[in-house]
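Scroll down for the structure; my scribbles are underneath it.
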Amino acid sequence: MLSIKKQKTFTMKKILVASAVIAVFLLSGCTAGKKYSDSFSAPIPLQVDSLKINQIVQVEDWTKAGDKVLIFSPLTKNVFYVYKLPEFRFLYDFGQKGGGPEDFSEFMRLPEGNLMNDDLYVYDNGDSQGALSVISLSDDSYTQKRLRDTRKGFNYVVSDSVWIGYYPLTIDWKDMSAKGYMNIWNKRGETTQELPLLSHTSQFGISYRDMQNKSGIMIQGDVRNQAGVATNGKKLVIYYPDAFRMEFYKLNPNGTVELEKSLGETYTLDELNKMDMAGRKKGESLTLLRATDDYIYAFKYEYKNDGDEWKPVKSFLEIYDWNGEGIVKYDLGRHFDKYIVDEKNRKIFCYNTEFDFDYVYVYDYKLH
């Protein structure tokens with residue numbers, strides 16, 4: 001069973017950060033009203049099953065590679081645990097924690113990986129050199145290759161020449177403003193294109209602060225309308241939960257994108273920042289966006305605002321095709337913050353890092 005209970009707060013919570021050089025990544029958002037009101041009928045309830053995790057792990061992050069799931073568990077001796085799908089059967093663990101050349105730290109990041117094969121790209125935020133590892137998993141072993149001088153901060157590796165990273169919020173040092181953006185670059189770290197994201201930042205304030213006679217930056221507030229970004233290697237979708245908007249792009253082999261269509265409301269960033277999103281009492285927010293060759297999976301949750309914080313009630317799954325048409329909406333019955341899509345076996349694996357630490361929850365679904 002899981003022996004370590006994580007002390008986490010809900011992602012909509014206010015933050016206070018001071019640093020000389022800082023980029024803030026916040027996962028939050030809120031929606032009042034319906035997105036594409038004619039896309040879905042009433043949500044269909046799904047029956048849930050649970051699978052007990054017998055290993056002593058802390059699920060900080062996980063990702064899918066082919067028919068396997070890799071779990072990152074930072075407070076155990078080995079930081080990676082491998083499970084077989086669709087039964088979620090434990091295979092082995094690896095990755096000794098430490099400071100050696102082949103060791104890993106407690107600050108690993110698991111991006112979506114390489115869409116061209118089942119290799120996993122993981123990078124170490126605790127390594128001053130920004131070590132990047134390419135890991136290949138088999139049923140009984142793994143191979144690992146360390147790369148140096150490779151750009152960190154990516155979310156997707158589409159090919160050797162197209163890497164994608166997106167940031168719900170970071171600081172534009174030119175005008176000292178908080179902005180969201182998405183970058184596409186090649187493996188050498190050269191930017192091929194940059195797209196601004198419609199992050200709502202009117203509650204954010206930036207000021208200077210003297211920290212024991214040292215110059216620093218104070219950033220306080222929270223962000224709304226965090227964009228969900230997903231790609232299948234040929235197309236890219238950006239989902240805005242508060243602007244009720246989806247944008248579809250063609251992803252070219254040279255790393256540039258071309259807008260093909262957009263659906264939903266059109267707002268400028270100035271218009272969004274004038275809205276009182278913090279005062280909304282209920283709605284639905286986006287937790288995670290995933291994409292396959294044929295479908296887009298939007299994991300959302302219903303929330304209520306009791307005046308102090310946004311409390312999640314339960315989660316939903318919306319499935320779209322690449323034309324933006326809603327296929328089906330499922331009611332998952334409870335709240336989760338981590339998901340794995342096993343489209344081959346039509347299963348969704350769910351986990352919540354704030355409760356039920358011993359279990360992974362499994363749903364069988366259909367594409368209507």
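Just so it is clear, the structure is predicted and the values come from calculations on it, not from any experiment.
- Tyr240 and Ile164 end up in the same hydrophobic cluster when Ile, Leu, Val, Met, Phe, Trp and Tyr side chains are linked at under 4.5 Å.
- Between Leu251 and Val158, some side-chain heavy-atom pair lies under the 4.5 Å cut-off.
- Between Arg109 and Asp61 there is no salt bridge, since none of the side-chain N atoms of the basic residue sits less than 4.0 Å from a carboxylate O of the acidic one.
- Using a cutoff of 4.0 Å between basic side-chain nitrogens and carboxylate oxygens, Lys64 and Glu112 are not scored as salt-bridged.
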Using the rule given for side chain to side chain contact (heavy atoms under 4.5 Å, CB included), can you reason through Val360 versus Ile53, listing the C-alpha separation, both sets of side-chain angles and the distance that settles it, and then say yes or no? CA-CA 7 Å; Val360 170; Ile53 303 176; 3.6 Å; yes

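- Nearest heavy-atom pair across Ser136 and Asp119 is OG-OD1, 2.6 Å.
- The cluster map of Ile, Leu, Val, Met, Phe, Trp and Tyr, joined by side-chain heavy atoms under 4.5 Å apart, puts Phe248 and Tyr239 in the same cluster.
- Atom CG in Asn155 sits 15.0 Å away from atom OH in Tyr121 (nearest 0.5 Å).
- Residue Leu120 is not grouped with residue Val162 when hydrophobic side chains (ILVMFWY) are merged at heavy-atom distances under 4.5 angstrom, including chains of intermediate members.
- Between the side chain of Asp321 and the backbone N or O of Asn323, at least one donor-acceptor pair lies under 3.5 Å.
- Counting heavy atoms from C-beta outward, Lys261 and Leu263 have side chains that approach closer than 4.5 Å.
- Note that CG of Asp93 and OH of Tyr142 are 9.5 Å apart. Values are rounded to the nearest 0.5 Å.
- One finds a salt bridge joining Glu260 and Lys235 here, because a Lys/Arg side-chain nitrogen approaches an Asp/Glu carboxylate oxygen to under 4.0 Å.
- Contact of the Asn54 side chain with the Phe90 side chain is not registered, since no non-hydrogen atoms from C-beta on lie closer than 4.5 Å.
- With rounding to the nearest 0.5 Å, the separation of CD1 in Ile135 from CZ in Arg146 is 8.0 Å.
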Val229 vs Met182, side chain to side chain contact (heavy atoms under 4.5 Å, CB included): CA-CA, chis, key distance, verdict: CA-CA 9 Å; Val229 178; Met182 183 185 74; 3.8 Å; yes

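- Within 6.0 Å of the CG atom in Asp160, the count of heavy atoms belonging to other residues, nucleotides or ligands does not exceed 12.
- Taking 4.5 Å as the limit, some side-chain heavy atom of Tyr361 sits within range of a side-chain heavy atom of Arg334.
- Side chains of Asn186 and Ser161: no donor on one and acceptor on the other come within 3.5 Å.
- For the pair Ser262 (side chain) and Glu247 (backbone), a donor-acceptor distance under 3.5 Å is absent.
- Taken to the nearest 0.5 Å, the CD1 atom of Ile184 stands 14.5 Å off from the CD atom of Glu190.
- A cation-pi arrangement is absent between Arg89 and Tyr81, since the terminal nitrogen or guanidinium carbon is not both under 6.0 Å from the aromatic centre and inside a 45° cone about the axis.
- Contact annotation: the side chain of Asn254 never approaches that of Thr192 to less than 4.5 Å [non-hydrogen atoms, C-beta and beyond].
- A single hydrophobic cluster is not seen to contain both Val79 and Val134; linkage of ILVMFWY side chains at heavy-atom distances under 4.5 Å, directly or through other members, places them apart.
- If you look at Tyr330 and Tyr363, their ring centroids are not closer than 6.0 Å.
- Cation-pi check for Lys329 over Phe316 is met; the charged atom lies under 6.0 angstrom from the ring centroid and within 45 degrees of its normal.
- Between the side chains of Thr292 and Glu343, a donor-acceptor pair is found at a separation under 3.5 Å.
- Between Ile327 and Phe40, the closest side-chain pair of non-hydrogen atoms is not below 4.5 Å.
- Salt-bridge check for Arg346 with Asp364: failed, with every basic side-chain N at 4.0 Å or more from each acidic carboxylate O.
- Nearest heavy atom pair, residue Ala298 against residue Tyr320, reads CB-CE1, 4.3 Å.
- Panel note: side chain Thr191, backbone Gln193; no donor-acceptor pair is recorded below 3.5 Å.
- Remark: Glu194 CD is packed, more than 12 non-hydrogen atoms of other residues, nucleotides or ligands lying under 6.0 Å away.
- For Lys145, the NZ atom sits in a loose shell: 12 or fewer heavy atoms of surrounding residues, nucleotides or ligands are nearer than 6.0 Å.
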Test side chain to side chain contact (heavy atoms under 4.5 Å, CB included) applied to Ile44 and Val328, step by step: CA-CA 8 Å; Ile44 300 173; Val328 63; 3.7 Å; yes

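- Using a 4.5 Å cut-off between side-chain heavy atoms of Ile, Leu, Val, Met, Phe, Trp and Tyr, with links allowed through other members, Leu286 and Val313 fall into different hydrophobic clusters.
- In terms of modelled atom types and a separation under 3.5 Å, the side chain of Asn78 and the main chain of Phe80 share no donor-acceptor contact.
- The environment of Lys84 atom NZ is dense: over 12 non-hydrogen atoms of other residues, nucleotides or ligands sit within 6.0 angstrom.
- In this structure, Trp322 and Ala230 approach most closely via the heavy-atom pair CH2-O, 4.3 Å.
- With Tyr351 as the aromatic partner, Lys338 does not meet the cation-pi criteria of under 6.0 angstrom to the ring centre and within 45 degrees of the ring axis.
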Evaluate the criterion side chain to side chain contact (heavy atoms under 4.5 Å, CB included) for residue pair Val257 and Leu195; output intermediate values, then yes/no. CA-CA 9 Å; Val257 295; Leu195 294 177; 3.8 Å; yes

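- Side-chain contact of Ser141 with Ser138: a donor-acceptor pair under 3.5 Å is absent, judged by distance alone.
- Judged by distance alone, with hydrogens and angles left aside, the side-chain atoms of Asp124 form a donor-acceptor pair with the main-chain N or O of Ser105 at under 3.5 Å.
- A distance of 5.5 Å separates CE in Met108 from OG in Ser133, rounded to the nearest 0.5 Å.
- Counting heavy atoms from C-beta on, the side chains of Ile348 and Phe299 come closer than 4.5 Å.
- Among the candidates Phe72, Trp163, Phe154, the single residue satisfying the ring-ring contact (aromatic ring centres under 6.0 Å, His included) test with Tyr123 is Phe154.
- In summary, Asp103 and Lys97 do not engage in a salt bridge, as defined by a charged side-chain N under 4.0 Å from a carboxylate O.
- Residues Lys300 and Ser315 fail the side-chain proximity criterion, which asks for heavy atoms closer than 4.5 Å.
- Here NZ of Lys68 is found 11.5 Å from CG of Leu70. Values are rounded to the nearest 0.5 Å.
- Taking the six-membered ring for Trp and thresholds of 30 and 60 degrees, Tyr365 and Tyr297 have ring planes more than 60 degrees apart, a perpendicular arrangement.
- Checked against Tyr83 for a ring-ring contact (aromatic ring centres under 6.0 Å, His included), the options Phe349, Phe88, Tyr92 give a single hit: Phe88.
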